[in-house]
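Encoded as structure tokens, the structure appears first; notes follow it.
Note on naming: letters A, B, ... go to the chains in the order of the sequence lines (proteins, then strands), and numbering restarts at 1 for each one. Only this structure's heavy atoms are used, side chains among them; waters, hydrogens and symmetry mates stay out. Remember, it's a predicted structure, so these values are computed and weren't measured experimentally.
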Protein chains: 2
Amino acid sequence: MENEASYKNRKVISIGTVSELTGLTERQIRYYEERKLISPERSDRGNRKYSFMDVERLIEIANKREEGVRTDEILQELKKKKKKEDTATRNKMIQGQLNARFNQSNRYPKK
Amino acid sequence: MENEASYKNRKVISIGTVSELTGLTERQIRYYEERKLISPERSDRGNRKYSFMDVERLIEIANKREEGVRTDEILQELKKKKKKEDTATRNKMIQGQLNARFNQSNRYPKK
DNA sequence: CGTGTAAGGAATTCTGACACG
DNA sequence: CGTGTAAGGAATTCTGACACG
């Protein structure tokens with residue numbers, strides 16, 4: 001359960017492959033980075049490395065662009081989505097703490 | 001359930017990155033291919049592309065090699081493992097067919 | 001604003017081969 | 001057998017810039 005996600009987020013794909021996967025030109029991919037829509041990592045010598053997540057996000061971006069949505073609008077949408085996810089994550093953590101507390105108070109059950 | 005596995009098996013990582021990920025030299029990685037221990041795909045211009053699966057297999061191979069296991073022995077072990085997996089897959093498919101038959105004979109339940 | 005392109009350089013990858021053992 | 005290395009070439013990636021609109 002921890003491992004599958006790491007495949008998705010590991011930044012290991014170079015820009016040429018991302019271009020093939022998304023149908024976007026390298027120019028476009030670099031431009032979307034400039035506009036903060038994606039954040040690849042860099043290899044030792046400075047080559048961009050992308051994750052499968054990035055690839056999926058780029059496909060979403062490509063769809064929006066085809067609909068004529070501007071990059072700054074797409075950025076806002078992505079931020080909103082991220083906010084929701086963060087909230088969901090926070091709620092899960094709080095729930096986790098509650099569960100921990102509950103388990104603690106039941107640490108020595110009467111059986 | 002179908003999607004997570006595809007990340008693991010998608011051949012998208014170039015040899016330089018695989019080298020970083022596994023600690024093996026490119027020479028070693030190419031040699032193991034020559035010995036049929038791995039089967040990368042090729043991009044349009046002939047560059048090798050590996051999956052996360054390949055990376056994990058290479059790490060296994062590296063461990064075996066450190067123990068002094070020869071590549072042909074490693075190949076045999078990998079074949080055995082594959083045979084087991086194939087058997088498991090076949091059994092699952094048979095089970096699937098049985099279930100299908102069962103559902104068919106119950107297609108019009110009396111309710 | 002979003003994308004194309006030519007420019008020059010540096011790093012990547014490929015193959016076949018010789019080397020050692 | 002398994003791995004290193006030098007060799008030469010072709011493809012990749014990078015950045016900064018000019019172009020169009």
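Between the side chains of A:T89 and A:D86, no donor-acceptor pair of N or O atoms lies under 3.5 Å.
A distance of 7.0 Å separates CD of A:E77 from CD1 of A:I74, quoted to the nearest 0.5 Å. Considering CZ of A:R42 and NZ of A:K49, their distance stands at 11.0 Å, rounded to 0.5 Å.
Each of B:E26 and A:Y32 lies near DNA chain C, and the nucleotide nearest A:Y32 is the one positioned closer to the 5' end. The residue among A:R30 and A:R27 whose nearest nucleotide of DNA chain D lies closer to the 5′ end is A:R30.
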task: Would you please test B:S51 and B:K8 for side-chain hydrogen bond (donor to acceptor under 3.5 Å, both in side chains) and show each step?
output: CA-CA 6 Å; B:S51 66; B:K8 188 170 182 178; over 6 Å; no
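In this structure, B:R30 and B:E26 have side chains that are in contact, with non-hydrogen atoms separated by less than 4.5 Å. You'll find the side chain of B:L78 reaches within 4.5 Å of the side chain of B:R57, heavy atoms only. Using a 4.5 Å heavy-atom threshold, the side chains of B:E60 and B:K81 count as touching. No side-chain heavy atom of B:T22 sits less than 4.5 Å from a side-chain heavy atom of B:I61. Taking 4.5 Å as the limit, some side-chain heavy atom of A:D54 sits within range of a side-chain heavy atom of A:K11. Residues B:K84 and B:T87 have side chains not in contact (no heavy-atom distance under 4.5 Å, counting atoms from C-beta outward).
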Please enumerate all protein N or O atoms sitting under 3.5 Å from an N or O of nucleotides 6-9 of chain D, with distances to 0.1 Å.
none

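Contact check of residues 13-20 of chain B against DNA chain C (heavy atom, cut-off under 4.0 Å) returns B:S14, B:I15, B:G16. A heavy atom closer than 4.0 Å to some atom of DNA chain C occurs in A:R65, A:R70, A:T71, these being the qualifying members of residues 57-73 of chain A. For the segment residues 41-50 of chain A, the set of residues with a heavy atom within less than 4.0 Å of an atom of DNA chain C comprises A:R45, in numerical order.
Look at CD1 on A:I74: it is 8 Å from P on C:dG2, rounded to the nearest Å. Atom-to-atom, CG of B:L24 to P of D:dT3 comes out at 8 Å; the value is rounded to the nearest Å. Between B:E33 atom CD and C:dT13 atom P there is a gap of 14 Å when expressed in whole angstrom units.
In this structure, A:Y31 does not reach the C:dT3 phosphate: none of its side-chain N or O atoms is under 4.0 Å from OP1 or OP2.
The hydrophobic clustering, which links ILVMFWY residues whose side-chain heavy atoms are closer than 4.5 Å, places B:M53 and B:V55 apart.
With sequence neighbours excluded, the residues satisfying side chain to side chain contact (heavy atoms under 4.5 Å, CB included) with A:T71 are A:Y31, A:Y32, A:R35, A:L37, A:R65.
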Here DNA chain C, pairs taken as Watson-Crick or G-U under 3.5 Å and shown with ( ), [ ] when crossing and | when to another strand, reads .||||.||.|.|.||.||||.
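Between the side chain of A:E73 and the main chain of A:R70, a donor-acceptor pair closer than 3.5 Å is present. No side-chain donor-acceptor contact under 3.5 Å links A:S19 to the backbone of A:I15. Formation of a donor-acceptor pair under 3.5 Å by the A:T17 side chain with backbone atoms of A:I13 is not found in this model. Using a distance-only test at 3.5 Å, with no hydrogens or angles considered, a donor-acceptor pair links the side chain of B:Q28 to the main chain of B:T25.
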